[in-house]
Amino acid sequence: MNNNKQIIDEKIKKMYDLQSKALAGGGKDRIEAQHSKGKLSARERIDMLVDSGTFREIDMLVHHHSNEFGLDKQVFYTDGVVTGYGNINGQKVFVYSQDFTILGGSLAAEHGRKICKIMDMAMKVGCPVIGLNDSGGARVQEGVISLGAYADIFLRNTLASGVIPQISVIMGPCAGGAVYSPAITDFIIMVKKSSYMFVTGPKVVKTVTHEDLTSEDLGGADVHASKSGVAHFAVENDVEALDLVKRIMSFIPANNVDESPYSDNDDPIDRADEALNYIVPANPNQPYDMRDVIHKIADQQDFLEVHKDYAQNIIVGFIRLGGRSTGVIANQPAVLAGVLDIDSSKKAARFIRFCDAFNIPILTFEDVPGFMPGAHQEWNAIITNGAKLLYAYCEATVPKITVITRKAYGGAYDVMNSKHIRGDFNFAWPTSELAVMGAKGAVEIIFKREIDSADNSEAKEEELISEFTEKFANPYIAASYGYIDEVIEPKFTRQRLIEAFNMLENKVDRNPPKKHGNIPL
Ligand code: HXC
């Protein structure tokens, strides 16, 4: 009996010994080196991300089986990635966290297989995958096997797209083809200073294009959050990044058959805000900050802005309305007069498609003077890119409500979730102007001859502009055709929106069956 206990205890001890080897990662020195760069270790990151005590690791004892280039002398359990599942805000998630202390977090056969394993499970159970990326890329010693492992992940990222939410946090290097896994996922968060993403690094860039750039200049968090739009968020450090994942998770459902998250709060549904009545300046050329409108109507004035620093002429992000998570798309008159251009169209289209894929209702605030003119825009395909936004709105079947606060001009009127493309409720404030173009432009076209032949052309033009404004720059002609369901007093917007979205709660709308559409990419 005693002998039996001893044998069993030894076996259990062996199990714990192996586990503690795995838990040691690449060793104390490498973990210290990681800390000295201001980075947390792979396991510390997971601890900070998931609800306390909920993480269960799988494949802890996986290691590589390669003998190439001395790898047989560098065998580490986990193979450089910690994988498993746990809860975030009580919601189930699968997580992988690359361990830079083990072979630089480089990805090879087993490392890739582990990520694929949790992705396959996440698809079966319908829960999000959070990837914490910190890797030197393809493991050089394993050659093409590493490339194959990446492709296995890319395929799964693609198949999972629109089925389960995928969030990528870039907390270290992410270079070469490795960037394409995060790129396919729904949201990318980058940590300033310690992370970078590029297809080819500074050395190659210098050789090929003679541009002399640091990693930060070429593909740091700020660059991707503001210039390229690759990153949706740039944050100061690992802790902020992980907190942000938790915040995003609170706004998104577990999968594409789940409902948009609902959580009670004590913000009264009928909270009227007098300030909304006076937010739009009387002068149509004067800007105002559409964020103020969003904050005033949102539950507890809480707004999680996505892509805050990119294409700032449009605003996208999440709010709660009467407790229900809702996606907001809003023209921003304070930046470029809220004009639609290539970048803002792409930004909004991608966000709309995320919301639609995951049953998150869409609220649009509209104040748009039209599409941006110019050779740069035309040569870089404002036609194709603007069409992305149009397509995304047309295709979306979730509840869709628009509030026109001021300008709804030209093609942009159609694009911004107009009634004609299945806007469910289209409201307008009394300050709104629905027209083919602004009064000045319109008068100069249709009354050119009268203006030119007048004794005082300037005075004539002014007179015609005010006549045109009086007649057409308002919501009532559109309302007379039912293009606007109702003209509402701005201060009651929150209540009207919550009631309207409640009415749409059980909306069912479907697109024709097809393999997939052909969005103008
Ligand atoms: C194997 C790697 C590795 C890699 C780093 N290491 N990258 N091992 N394969 N790709 C190892 C190092 O040997 C070292 O091991 C440890 O990780 C830490 O690396 P350091 O260089 O000491 O760290 P640091 O100075 O911080 O530099 C990090 C780095 C650099 C910038 C990422 O390591 C680097 O340039 N690595 C190579 C990057 C690369 O070219 N990868 C392939 C990209 S192409 P020890 O034992 O000393 O701790 C690619 C294609 C994917 O990924 C294609 C998909 C289709």
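Both backbone and side-chain heavy atoms feed into the values below; hydrogens, waters and symmetry mates do not. Read the numbers this way: they start at 1 and go in the same order the structure lists the ligands and their atoms. On a predicted model such as this, the values are computed, not experimentally measured, just so you know.
Ring orientation note: the planes of Phe187 and Phe233 are tilted relative to one another, at an angle of 30° to 60°. Ring geometry, Tyr196 versus Phe198: the interplanar angle falls under 30°, so the pair is classed parallel (tilted spans 30 to 60°).
The distance criterion of under 3.5 Å between nitrogen or oxygen atoms is not met by Phe154 with respect to ligand 1. In terms of polar-atom proximity, Tyr150 is not counted as a contact of ligand 1, lacking any N or O under 3.5 Å from an N or O of the ligand. Checked against a 3.5 angstrom limit, the closest N/O atoms of Gly104 and ligand 1 fall inside it. Between Lys37 and ligand 1, an N or O atom pair is found at a separation short of 3.5 Å. Some N or O of Ala138 is nearer than 3.5 Å to an N or O of ligand 1, by distance alone. The shortest N/O to N/O separation between Gly136 and ligand 1 falls below 3.5 Å.
A ring-centre distance under 6.0 Å is not found for Tyr85 and Tyr96.
Within a 4.0 Å radius of atom 25 (O) of ligand 1, the protein contributes no non-hydrogen atoms. Atom 12 (C) of ligand 1 is not flagged as protein-proximal [any protein heavy atom, distance under 4.0 Å]. The presence of a protein heavy atom under 4.0 Å from atom 15 (O) of ligand 1 is ruled out. Counting protein heavy atoms under 4.0 angstrom from atom 33 (O) of ligand 1 gives zero. Under the 4.0 Å distance rule, the nearest protein heavy atom to atom 52 (O) of ligand 1 falls inside the cut-off. Atom 47 (O) of ligand 1 is not flagged as protein-proximal [any protein heavy atom, distance under 4.0 Å].
Of all protein heavy atoms, the one lying nearest to atom 27 (O) of ligand 1 is Phe100 CZ, 4.4 Å. Of all protein heavy atoms, the one closest to atom 2 (C) of ligand 1 is Leu103 O, 3.6 Å. When only non-hydrogen protein atoms are considered, atom 9 (N) of ligand 1 lies nearest to Val140 N, 3.1 Å. Closest to atom 31 (C) of ligand 1, if we only count protein heavy atoms, is Tyr196 OH, 3.3 Å.
The shortest separation from a heavy atom of Tyr180 to ligand 1 is not under 4.0 Å, leaving the residue out of contact. Ligand 1 does not have Phe76 within reach: every non-hydrogen atom of the residue lies 4.0 Å or more from it.
No donor-acceptor contact under 3.5 angstrom links the side chains of Tyr393 and Ser418, judged on distance only.
The environment of Lys21 atom NZ is sparse: at most 12 non-hydrogen atoms of other residues, nucleotides or ligands sit within 6.0 angstrom. Counted within 6.0 Å of NZ on Lys308, heavy atoms from surrounding residues, nucleotides or ligands total 12 or fewer; the atom is thus considered open.
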